[in-house]
Amino acid sequence: MSASFIATLRLANFRNYDALALDLTDAPVILVGSNGAGKTNLLEAVSLLAPGQGLRRTPFPDLARMGGPGDWSVAATVETAHGPVSIGTGIQRGAATSAGGRGGRAQTSGRLVRIDGEPASGSGALADYLEMVWLTPSMDGLFTGPAGDRRRFLDRLIICFDPGYRTRANQFERAMRQRNRLLEMDHVAPAMFEGLELQMAEIGIALAATRAETVAQISASINARRKNAPDSPFPWAELHLEGEIEQWLASMPALDAEDAYVRQLAADRPRDRAARRTLTGPHRSDLLVGHGPKEMPARLCSTGEQKALLINLVLAHASLVKFARNGAAPILLLDEIAAHLDVDRRAALFGEILKLGCQAWLTGTDKSAFEALDGKASGFFMQDAEIKAKF
């Protein structure tokens, strides 16, 4: 099975784009232009062809072009192992845009999804056609930033293998929000907590178990890459999940961990009431990353070392997706990827991309940074949200 790729891309009223049309092959795509040319906006549009909120997690109404009609669309023809598929997404003023699909109520915070012209029930349906992994400059601080950023990063990786994970995570969040509201109320009967806490324990332990399994799989992929390329310029990473839930799962069966979580939630009600939020659960876990060769936390490494670690982690995940999908590698979106990489590491990264056989989208301000891909990629010079020339 070959990797899926975007063969045609059409934008309308998206960000700073009035309109854009691109015809592509399965080769890497290079976008070169000055800051503000629209390169990252184009990557964001591509990211919306996969499940979720896109690489910037921007509210969907805010993606509409300023001065435009208020709606926007991203459409593509995707070549898959089973033939071409037409995918479209966007928001339409006055249309039903909730995840409920047909018959849904108008909610401008959602987006419409169509596959071969037929409405889909939500963006989760896109997982059947495209998988994407991305790196953006905002992720350069992943190892030094808050734990929530690393949880979201890991959860995004999980969705490539388990599209239903997002639904379970949303169910946990809803149950926790309901419990948090009860914590703010006076004289609440214990029975009102018990049902929600049972639900949180069942879903929360399942989420934590999925995270642990995914971390183990990515670690195995990292070790395989380390064995096959011991001199890689991208250092191997050590991964570890930290949290009370993870400690329970490491020492007891999942059913016992659920019971332990239920008991902990009940015991924590006074403390959580004082904090006005739930303080124990998978929403408090952290993904710890270490620089393997140096045996030191990634947060203490240099900016360049952190970038190289992150690239290794993403490449290991992409290799794992390719294996799990019978040879279909995910699309890679790599924004300003040449930053903090020397010539040798850039060449090594481009070699990894070609070896993966995926359609990668790369942006930068200097064409010379992509010399190692000369003749092996489709290149475009961009200015003011327009394609000015090809190279």
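Heavy atoms only: backbone and side chains are in, while hydrogens, waters and symmetry mates are out.
- Between Leu130 and Val78 the shortest side-chain heavy-atom distance falls below 4.5 Å.
- Lys307 places none of its side-chain heavy atoms less than 4.5 Å from the side chain of Leu135.
- To the nearest 0.5 Å, atoms CD1 (Ile87) and CG (Asp116) are separated by 8.5 Å.
- Heavy-atom minimum distance, Asn16 versus Gly38: ND2-CA, 3.9 Å.
- In terms of modelled atom types and a separation under 3.5 Å, the side chain of Asp366 and the main chain of Ser368 share a donor-acceptor contact.
- Gly70 and Ile91 get closest at one heavy-atom pair: O-CD1, 3.8 Å.
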Worksheet item: What do the steps show when you test Thr278 against Asn180 for side-chain hydrogen bond (donor to acceptor under 3.5 Å, both in side chains), and what is the final call?
Response: CA-CA 7 Å; Thr278 301; Asn180 289 346; 2.8 Å; yes
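- Phe234 has its side chain within reach of Leu349: a pair of non-hydrogen atoms, C-beta onward, lies under 4.5 Å apart.
- The only option from Asp128, Thr80, Thr77 that meets the side-chain contact (heavy atoms from CB on, under 4.5 Å) definition with Val85 turns out to be Thr80.
- Between the side chain of Arg10 and the backbone N or O of Ala75, no donor-acceptor pair lies under 3.5 Å.
- Using a distance-only test at 3.5 Å, with no hydrogens or angles considered, a donor-acceptor pair links the side chain of Arg179 to the main chain of Leu265.
- Side-chain contact between Ile30 and Val32 is present, with heavy atoms from C-beta onward closer than 4.5 Å.
- One distance of note links CG of Leu249 with CD of Glu213; it measures 11.5 Å at 0.5 Å rounding.
- Gln359 places a side-chain N or O within donor-acceptor distance of the main-chain N or O of Thr25, the cut-off being under 3.5 Å.
- Leu333 is connected to Val29 through a chain of hydrophobic side-chain contacts under 4.5 Å among Ile, Leu, Val, Met, Phe, Trp and Tyr, so both are in one cluster.
- The distance from the CG atom of Leu362 to the CZ atom of Arg346 is 12.0 Å, given to the nearest 0.5 Å.
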Discussion item. If you apply the rule side-chain contact (heavy atoms from CB on, under 4.5 Å), what do you find for Ile158 with Arg211, and how did you get there?
Written reply: CA-CA 7 Å; Ile158 291 172; Arg211 284 176 178 166; 3.6 Å; yes
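- Looking at Thr363, its side chain does come within 3.5 Å of a backbone N or O of Glu336 through a donor-acceptor pair.
- Between atom CZ of residue Arg284 and atom CD of residue Glu246 there is a gap of 12.5 Å, rounded to the nearest 0.5 Å.
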Practice prompt. Please lay out, stage by stage, how Asp231 and Arg226 fare under the test salt bridge (charged side-chain N to carboxylate O under 4.0 Å, His left out).
Written response: CA-CA 8 Å; Asp231 299 323; Arg226 176 186 173 192; over 6 Å; no
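- For His317 and Phe161, the distance between ring centers is under 6.0 angstrom.
- A salt bridge links Lys294 with Glu305; the closest basic N to acidic carboxylate O contact falls under 4.0 Å.
- Remark: the Arg271 side chain and the Thr280 side chain contain an N/O donor-acceptor pair separated by less than 3.5 Å.
- A salt bridge links Arg168 to Asp162: at least one charged side-chain nitrogen sits closer than 4.0 Å to a carboxylate oxygen.
- Phe193 and Phe172 fall into different hydrophobic clusters, defined by Ile, Leu, Val, Met, Phe, Trp and Tyr side-chain heavy atoms under 4.5 Å apart, directly or through other members.
- Remark: side-chain polar atoms of Thr89 are paired, donor with acceptor, to backbone N or O of Leu112 under 3.5 angstrom.
- With ring centers used as reference points, Phe391 lies under 6.0 Å from Phe381.
- Contact of the Glu44 side chain with the Thr58 side chain is registered, since non-hydrogen atoms from C-beta on lie closer than 4.5 Å.
- Under the 4.5 Å side-chain heavy-atom criterion for grouping Ile, Leu, Val, Met, Phe, Trp and Tyr, Met139 is connected to Leu334 within one hydrophobic cluster.
- Here the shortest heavy-atom pairing between Trp361 and Ile6 reads CZ2-CD1, 4.2 Å.
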Practice prompt. Apply side-chain contact (heavy atoms from CB on, under 4.5 Å) to Ser123 and Arg111, showing your working.
Written response: CA-CA 8 Å; Ser123 68; Arg111 59 168 167 142; 3.3 Å; yes
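- How far CD1 of Ile218 is from CG of Leu154: 6.5 Å, rounded to the nearest 0.5 Å.
- Tyr165 contributes atom OH, which lies 8.0 Å from atom OG1 of Thr214 (distance to the nearest 0.5 angstrom).
- Residues Leu356 and Leu354 are not in side-chain contact: their nearest non-hydrogen atoms beyond the backbone lie 4.5 Å or more apart.
- The heavy-atom pair separating Trp134 from Ser47 by the smallest distance is CZ3-CB, 3.7 Å.
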Item to complete: Decide side-chain contact (heavy atoms from CB on, under 4.5 Å) for Val188 and Leu183; before the verdict, give the C-alpha distance in whole Å, the side-chain angles of both, and the deciding distance to 0.1 Å.
Response: CA-CA 8 Å; Val188 178; Leu183 293 170; over 6 Å; no
Item to complete: Show the numbers, then the answer: is there a side-chain contact (heavy atoms from CB on, under 4.5 Å) between Met185 and Leu182?
Response: CA-CA 5 Å; Met185 300 168 59; Leu182 292 181; 3.9 Å; yes
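- Met252 and Ala260 make their closest contact through SD-CB, 4.3 Å (heavy atoms, listed as atom of the first residue, atom of the second, distance).
- Under the 4.5 Å side-chain contact rule for hydrophobic residues, Leu288 and Trp236 do not share a cluster.
- Annotation: Lys388, atom NZ; neighbour count of heavy atoms from other residues, nucleotides and ligands within 6.0 Å is above 12.
- Between Asp26 and Glu79 the shortest side-chain heavy-atom distance does not fall below 4.5 Å.
- For the pair Ile353/Cys358, a side-chain contact is recorded, criterion being any heavy-atom separation below 4.5 Å from C-beta on.
- In the displayed structure, Arg56 atom CZ is contacted under 6.0 Å by more than 12 heavy atoms of other residues, nucleotides or ligands.
- Of the charged side-chain nitrogens involved, none lies within less than 4.0 Å of a carboxylate oxygen, so that Asp286 and Arg151 do not count as a salt-bridged pair.
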Practice prompt. I would like to know whether Asp335 and Lys39 meet salt bridge (charged side-chain N to carboxylate O under 4.0 Å, His left out); could you show each step before the answer?
Written response: CA-CA 8 Å; Asp335 194 20; Lys39 306 184 300 294; over 6 Å; no
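- In this structure, Tyr261 and Pro282 approach most closely via the heavy-atom pair OH-CD, 3.9 Å.
- Although no hydrogens or angles enter the test, the distance criterion places a donor-acceptor pair under 3.5 Å between the side chain of Thr144 and the main chain of Gly141.
- More than 12 heavy atoms of other residues, nucleotides or ligands shown are found within 6.0 angstrom of CD on Glu184.
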Discussion item. Test salt bridge (charged side-chain N to carboxylate O under 4.0 Å, His left out) on Arg166 and Asp155; report intermediate values, then the result.
Written reply: CA-CA 8 Å; Arg166 184 185 301 278; Asp155 289 350; over 6 Å; no
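- Ile205 and Leu196 fall into different hydrophobic clusters, where Ile, Leu, Val, Met, Phe, Trp and Tyr are joined by side-chain heavy atoms under 4.5 Å apart, directly or via other members.
- In this structure a side-chain-to-backbone donor-acceptor pair under 3.5 Å is present from Gln306 to Ala298.
- No side-chain donor-acceptor contact under 3.5 Å links Asp149 to the backbone of Gly145.
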